[in-house]
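Please read the structure below before turning to the comments.
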Amino acid sequence: MAQLHGSLEDQGLSSMTFLNEVAGRYPDAVSFAAGRPFEDDFDPEDIHRYLRAYCRYLAQERGFGSAEVRRTLYQYGRTKGIINELVARNLDIDEDIHVHPEAIVVTVGCQEAMVLALRALKSEGNDVLLAIAPTYVGLTGAARLVDMRVLTVPGGPRGADLEGLAERVREARRAGLRPRACYVMPDFANPSGVSMDLAVRHALLDFADDNDLLLLEDNPYGLFHGENDRLPTLKSLDARRRVIYLGSYAKTALPGARIGYIIADQTVQDAQGHSGLLADQLAKIKSMLTVNTSPIAQAVVAGKLLENGCSLASANDAARQRYARQMRQLLTGLSARFGGASGLPGVEWNEPSGGFFVVLSLPFPADDELLEYSAREYRLLWTPMHHFYGGTGGHYQLRLCVSLVSGPQIETGLDRLHALVHDRMRRATAAAMKDAYNRLEFAPLKYSLTRQ
Ligand SMILES: Cc1ncc(COP(=O)(O)O)c(C=O)c1O
């Protein structure tokens with residue numbers, strides 16, 4: 001291992017493997033763990049229809065002959081992507097983001113978009129990335145792969161602590177580091193579930209401009225905004241081109257297609273004064289990473305876009321309502337079991353208005369060992385929060401995900417969670433009493449206690 005890249009011994013890179021491995025051993029468990037979309041409505045026939053819809057579009061709207069249609073699907077494709085104009089239309093309709101298709105690179109999931117952005121931004125040894133903590137493990141893993149240090153800033157209840165961020169930037173600069181960008185998830189963050197209000201969004205954009213920073217905005221959950229209206233994305237407010245937007249169709253179309261994208265409409269200039277789009281530089285990196293994103297997978301997502309007039313907001317309206325219902329049921333169920341006068345001290349949770357995730361705080365460690373125990377003894381899966389803090393926090397918290405569980409499963413899962421928490425608290429009390437007993441020095445009292 002000492003001869004391989006340091007990231008391979010990094011705990012962060014093993015997190016996903018560990019969590020998937022535990023889930024794999026208990027396939028019958030109720031899972032509040034995986035952040036996957038609800039799958040009962042998936043129908044393989046849709047994929048065929050989407051492909052046909054895209055081929056029809058190529059022929060009828062783009063004027064492609066049959067040889068060109070065939071080539072488009074079967075051959076290597078353009079590095080930047082083949083469905084950029086549809087992605088741009090989708091962003092225009094659903095997000096109020098107006099960008100030229102050439103400012104977009106279609107990627108192999110949002111995960112590749114992160115790698116492209118970080119690879120491009122990490123140019124000097126002292127370049128660092130700021131990130132709101134807790135942080136999505138895919139981002140910290142991607143940073144590790146390109147040897148970019150991540151400095152975390154607590155997000156707090158409003159999703160970003162601007163004071164804390166400013167202090168972190170000052171500290172970093174004093175230490176000779178060069179913060180390049182800050183990774184943020186303004187809508188229903190993974191794992192915290194927290195969203196930023198409009199004032200925080202504007203303040204963040206001003207902060208980025210004042211401090212010559214870019215913002216990496218990641219937004220896979222924005223369309224699942226519960227019953228409330230949506231807030232504008234940072235990118236839609238980005239008059240100063242401070243935002244690189246990371247997009248994913250995993251939750252709004254299908255994760256199996258592995259289609260994401262990156263908007264990089266910033267202008268870059270070389271030493272000779274030639275200027276172009278940052279997206280073109282990212283495409284150069286992509287050409288050496290995945291060459292191009294599968295045209296077949298792009299065609300499937302394009303077909304879904306075309307079938308829905310390029311609006312995934314309307315296509316996902318039923319899903320939005322489902323997730324909102326599941327979130328409500330989970331929050332009501334937590335209150336019924338852990339809240340009110342009969343509530344357990346130290347058991348608390350947040351109440352996101354949308355998205356997939358809720359964070360539960362406990363009065364005892366919610367570590368990997370407890371997850372194993374929960375899976376084995378209670379057939380219940382969840383995610384220990386320490387994985388999102390790189391082991392530096394979140395030890396008493398766990399993440400509950402509502403996306404994959406039906407109504408009855410939520411009730412069963414919560415009953416099991418309740419039993420698990422009581423089980424642990426009983427053990428903790430017994431251990432504390434034993435400890436106190438062992439520390440008693442007055443022998444006659446010890447004797448009389450034993451007799452009782
Ligand atoms: C915050 C966040 N960003 C990105 C992704 C990954 O997206 P993709 O599947 O498109 O790579 C996820 C997936 O769970 C996520 O939660």
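First listed ligand is number 1; within each ligand, the first listed atom is number 1. Numbering starts at 1 and runs along the sequence shown.
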Ring centre gap for Tyr136 and Tyr183 strictly below 6.0 Å
no

- Can you tell me if Ser236 and Arg201 form a side-chain donor-acceptor pair at under 3.5 Å? no

Taken in chain and number order and not counting sequence neighbours, the residues that satisfy salt bridge (Lys or Arg N to Asp or Glu O under 4.0 Å) with Glu163 are none

Contact table, ligand 1 N/O with protein N/O, distance under 3.5 Å:
{"from": "ligand 1", "atom 1": "3 (N)", "to": "Asp218", "atom 2": "OD1", "distance (Å)": "3.4"}
{"from": "ligand 1", "atom 1": "3 (N)", "to": "Asp218", "atom 2": "OD2", "distance (Å)": "2.6"}
{"from": "ligand 1", "atom 1": "9 (O)", "to": "Arg258", "atom 2": "NH1", "distance (Å)": "2.8"}
{"from": "ligand 1", "atom 1": "10 (O)", "to": "Cys110", "atom 2": "N", "distance (Å)": "2.7"}
{"from": "ligand 1", "atom 1": "10 (O)", "to": "Ser248", "atom 2": "OG", "distance (Å)": "2.7"}
{"from": "ligand 1", "atom 1": "11 (O)", "to": "Cys110", "atom 2": "N", "distance (Å)": "3.0"}
{"from": "ligand 1", "atom 1": "11 (O)", "to": "Gln111", "atom 2": "N", "distance (Å)": "3.0"}
{"from": "ligand 1", "atom 1": "11 (O)", "to": "Arg258", "atom 2": "NH2", "distance (Å)": "2.9"}
{"from": "ligand 1", "atom 1": "14 (O)", "to": "Tyr221", "atom 2": "OH", "distance (Å)": "3.4"}
{"from": "ligand 1", "atom 1": "14 (O)", "to": "Lys251", "atom 2": "NZ", "distance (Å)": "2.7"}
{"from": "ligand 1", "atom 1": "16 (O)", "to": "Asn190", "atom 2": "ND2", "distance (Å)": "2.8"}
{"from": "ligand 1", "atom 1": "16 (O)", "to": "Tyr221", "atom 2": "OH", "distance (Å)": "2.6"}

Residues 245-257 vs salt bridge (Lys or Arg N to Asp or Glu O under 4.0 Å), sequence neighbours excluded, gives none

Check your understanding: Are there more than 12 heavy atoms of other residues, nucleotides or ligands under 6.0 Å from atom CZ of Arg230?
Key -> yes

Sorted by chain and residue number, the ring-ring contact (aromatic ring centres under 6.0 Å, His included) partners of His418 (sequence neighbours excluded) come out as Phe338, His422

